[in-house]
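Computed over heavy atoms, backbone and side chain alike; hydrogens, waters and symmetry mates excluded.
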Amino acid sequence: MESFIAVLDSALQLRKFFLFRVLLVAVTLACLGPATAQDVHEDDTEITIGVLASEGATRALEAWAPTVSLLNATARAQEHPFHFRLEPHNQPSLLEGLDKGAIDVFVSDPAAFAIAEVEEGARAILSMAYMWENRTYSQTGALVFTRSDRPISGYEGLAGLRVMAMDPNELTGWKLALQEARKYRVDPESISGDLLFSGGNQREVVYAVQNGLVDVGVIRAGVLERLAEQGAIDLKDFLPVAPSGHPGFPFWISTPLFPEWVMGSLPNVPDDALGHLIGTLLSIDAQSPEAQAAGGIVWQAPQNYRPVHDLLISLHARPYENYIQQAGARIYRDYKWPTLAVAALIILSLLFLVTELIRTARLAETRKNVLNSEVRSKQFYRNAIEDHTVFCMLTKDGEISHVNDHFVSALDRTRSSLVRSPLASILDETNQELMQSQIMRAMKAGATWQGALQLLKRDGKLAWVQCTFIPVTGTSNKLSEVAIVASDVTKTRAGVSEKRFNNTLELIQDQVVVLRPGTLDVLYVNAAAGKRLIANRMGETGPVKPRRISLPRMILRC
């Protein structure tokens with residue numbers, strides 16, 4: 001309950017303090033407005049300069065009025081048809097004015113410039129630098145600080161404390177501090193419960209910490225040192241939280257360094273006005289009244305603000321809340337017709353690709369069906385051949401790789417004794433020479449060979465086969481296998497030989513009789529013996545057929 005009352009009391013004090021500052025700003029604007037307005041011609045082009053008032057509107061008018069007066073004075077002296085008008089803003093009102101076209105030139109922190117660059121097409125024309133102890137510093141960062149009587153070890157100690165920053169979108173303030181807290185694995189939710197913002201006024205943050213209204217403040221690096229130099233505060237009353245050392249940088253800082261503030265312009269500002277603005281500001285040195293009024297600033301050429309964009313992208317902060325969608329919309333807006341042409345080309349390419357994939361799938365299915373049909377046909381023919389012929393497969397070197405049952409039966413051998421054996425091992429010498437000189441030469445030439453071969457059976461006898469050697473080639477059109485389709489003609493050969501032998505005996509004039517050993521049965525007689533021994537003696541007429549007659553009976557008849 002006591003803590004709640006303390007927080008409520010702090011909030012009431014801050015409210016009173018802010019109301020007082022707002023009233024002071026209103027009075028100051030009323031007083032300074034006429035002073036900043038110059039006697040200008042009605043036909044002159046008015047160029048509005050919006051300044052981000054990081055220390056309040058009053059301080060912004062005091063700091064920048066001399067610079068605007070110098071710009072108008074030099075413009076009148078050179079008879080330029082334009083004049084400049086100053087407007088202090090917080091970050092939301094500055095971005096709103098840029099969006100509505102009410103602001104032409106602006107001075108802001110790098111984050112506001114990055115937003116304007118992406119959303120409004122703004123460009124950087126000058127970069128701010130601060131003079132400190134006779135040196136120029138063009139980089140800055142954020143400082144997280146507390147009172148010296150309330151030391152905090154690091155970002156981990158911020159959880160549960162009351163924290164005040166300038167603005168939720170100010171880069172060199174809360175955004176950088178939030179990024180550093182994430183690096184130390186500190187949950188942002190743990191330090192945002194009692195988080196307050198001063199509306200962009202850095203001095204309000206300093207005074208709130210000094211008076212104990214909040215525990216921790218987040219401001220731009222260098223603010224405490226400059227206030228101490230002016231005598232507004234005593235630097236010993238404060239301590240930095242998680243100080244980060246950067247060689248050569250003279251101020252307390254708790255984050256990495258980023259580019260200082262920037263002056264930017266919208267695309268509609270006339271080139272002669274920009275040239276006058278840039279030339280006049282670059283001529284201001286650190287000792288001039290204009291520079292001293294602004295806190296000892298000088299102007300330099302624009303810096304590289306790419307790191308600022310990268311930081312905003314990592315934080316998913318404006319203008320990169322929906323980075324991919326915004327990038328796509330921006331590309332479409334800037335390159336509408338080329339984008340449509342590329343999109344149409346991509347769509348047509350995808351349609352063509354889909355069509356080709358479908359056609360390729362159909363062709364593959366057709367080829368698959370054809371291959372399956374060929375495989376079935378080949379299997380059918382092979383089965384037919386193996387079932388009805390003597391079949392054998394050889395390697396390209398003449399080694400047996402496969403034999404069917406008919407081949408095994410014809411040679412009266414086992415399959416294991418034949419497979420992986422050279423075919424020449426079961427051929428006689430004549431056939432072996434034929435195998436090397438004709439058959440294998442024909443196979444390597446891709447021609448078939450037909451002829452009779454004599455194969456050695458297991459018992460050493462010969463088996464006659466009428467063969468057809470067929471070369472089988474692979475994808476490279478080289479010999480890979482040899483198929484042998486043969487017929488067993490052993491019995492046919494034997495029958496033909498016996499018939500030829502008998503025909504020869506018939507032509508002999510001598511009488512030839514073949515008897516069975518033991519029983520002496522007559523197995524064969526030639527024509528001469530049949531006529532003399534059988535036909536004449538047994539009273540038969542006509543041709544005498546061989547028949548089995550026992551020799552004793554034939555002798556008795558004789």
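- The side chain to side chain contact (heavy atoms under 4.5 Å, CB included) test with Ile49 singles out one residue from Ile103, Asp104, Leu71, and that residue is Leu71.
- Seen from the ring of Phe113, Arg123 does not count as a face-on cation partner, given the 6.0 Å and 45° thresholds.
- Applying the salt bridge (Lys or Arg N to Asp or Glu O under 4.0 Å) criterion to Asp397, with sequence neighbours excluded, gives no partner residue.
- The CD atom of Glu365 sits 13.0 Å away from the OG1 atom of Thr360 when rounded to the nearest 0.5 Å.
- Within the structure, the salt bridge (charged side-chain N to carboxylate O under 4.0 Å, His left out) test picks out no pair touching residues 124-133 (sequence neighbours left out).
- In this structure, Leu345 and Ser349 have side chains that are in contact, with non-hydrogen atoms separated by less than 4.5 Å.
- Separation of atoms CG (Leu351) and CD1 (Ile346) is listed at 12.0 Å; rounding is to 0.5 Å.
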I'd like to know whether Phe238 forms a ring-ring contact (aromatic ring centres under 6.0 Å, His included) with Phe145, so could you lay out the CA-CA distance, the side-chain angles of the two residues, the decisive distance to 0.1 Å, and finally the verdict. CA-CA 7 Å; Phe238 304 94; Phe145 70 102; 5.7 Å; yes
What's the verdict on side chain to side chain donor-acceptor pair (under 3.5 Å) for Glu290 and Thr67, showing C-alpha distance, side-chain angles and the deciding distance? CA-CA 5 Å; Glu290 295 80 12; Thr67 301; over 6 Å; no
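- Judged by distance alone, with hydrogens and angles left aside, the side-chain atoms of Arg162 form no donor-acceptor pair with the main-chain N or O of Asp215 at under 3.5 Å.
- Across Met164 and Ser198, no two heavy atoms sit closer than the pair SD-CB, 4.3 Å.
- Annotation for Asn369: atom CG counts as buried by contact number, over 12 foreign heavy atoms lying within 6.0 Å.
- In this structure, Thr395 contributes its side chain and Glu399 its backbone to a donor-acceptor pair below 3.5 Å.
- Note: Thr473 OG1 to Lys444 NZ = 15.5 Å, rounded to the nearest 0.5 Å.
- In this structure a side-chain-to-backbone donor-acceptor pair under 3.5 Å is present from Ser283 to Thr280.
- Within the 4.5 Å cutoff, side-chain heavy atoms of Leu95 are placed close to those of Arg318.
- Here Arg182 does not pair with Glu180 in a salt bridge; the nearest charged N to carboxylate O distance is not below 4.0 Å.
- Taken from CD in Glu204 to CG in Leu196, the straight-line distance is 12.0 Å, to the nearest 0.5 Å.
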Take Arg220 and Glu260 through the salt bridge (Lys or Arg N to Asp or Glu O under 4.0 Å) test and state the conclusion after the steps. CA-CA 10 Å; Arg220 186 157 43 125; Glu260 259 289 1; 3.3 Å; yes
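- Taking the six-membered ring for Trp and the full ring otherwise, Phe106 and His89 have centroids separated by 6.0 Å or more.
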For the pair Glu356 and Arg359, evaluate salt bridge (Lys or Arg N to Asp or Glu O under 4.0 Å) and give the outcome as yes or no after the intermediate values. CA-CA 5 Å; Glu356 285 298 305; Arg359 190 176 70 86; 3.1 Å; yes
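- A heavy-atom distance below 4.5 Å is found between the side chains of Met263 and Trp299.
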Please table the atom pairs, donor to acceptor, closer than 3.5 Å between any side-chain atom in residues 244-259 and protein atoms at least two apart or in another chain.
from	atom 1	to	atom 2	distance (Å)
Ser244	OG	His246	NE2	3.3
His246	NE2	Thr255	O	3.0
Ser254	OG	Val144	N	3.1
Ser254	OG	Val241	O	2.8
Thr255	OG1	Ala142	N	2.9

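- Considering every non-hydrogen atom in both Gly217 and Val205, the closest pair reads CA-CG1, 3.7 Å.
- Contact between Trp174 and Ala165 at its shortest, heavy atoms only, is CB-CB, 3.8 Å.
- Just one of Gln78, Arg76, His83 meets the side chain to side chain donor-acceptor pair (under 3.5 Å) condition when paired with His80; it is Gln78.
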Would you check, one step at a time, whether the test salt bridge (Lys or Arg N to Asp or Glu O under 4.0 Å) holds for Asp234 with Lys236? CA-CA 5 Å; Asp234 187 348; Lys236 296 180 180 178; 5.8 Å; no
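- Between the side chain of Gln292 and the main chain of Ala286, a donor-acceptor pair closer than 3.5 Å is present.
- Looking only at side-chain heavy atoms (C-beta outward), Glu87 and Val51 stay at 4.5 Å or farther from each other.
- Taking CD1 of Ile297 as the start and OG1 of Thr136 as the end, the distance is 11.5 Å to the nearest 0.5 Å.
- For the pair Arg59 and Trp64, the NZ or CZ position fails the cation-pi test of under 6.0 Å to the six-membered ring centre and within 45 degrees of the ring normal.
- Ser127 and Gln303 share a side-chain donor-acceptor pair at under 3.5 Å.
- Distance check: Arg362 CZ to Leu357 CG gives 12.0 Å after rounding to the nearest 0.5 Å.
- The backbone N or O of Met393 sits less than 3.5 Å from a side-chain atom of Ser401, completing a donor-acceptor pair.
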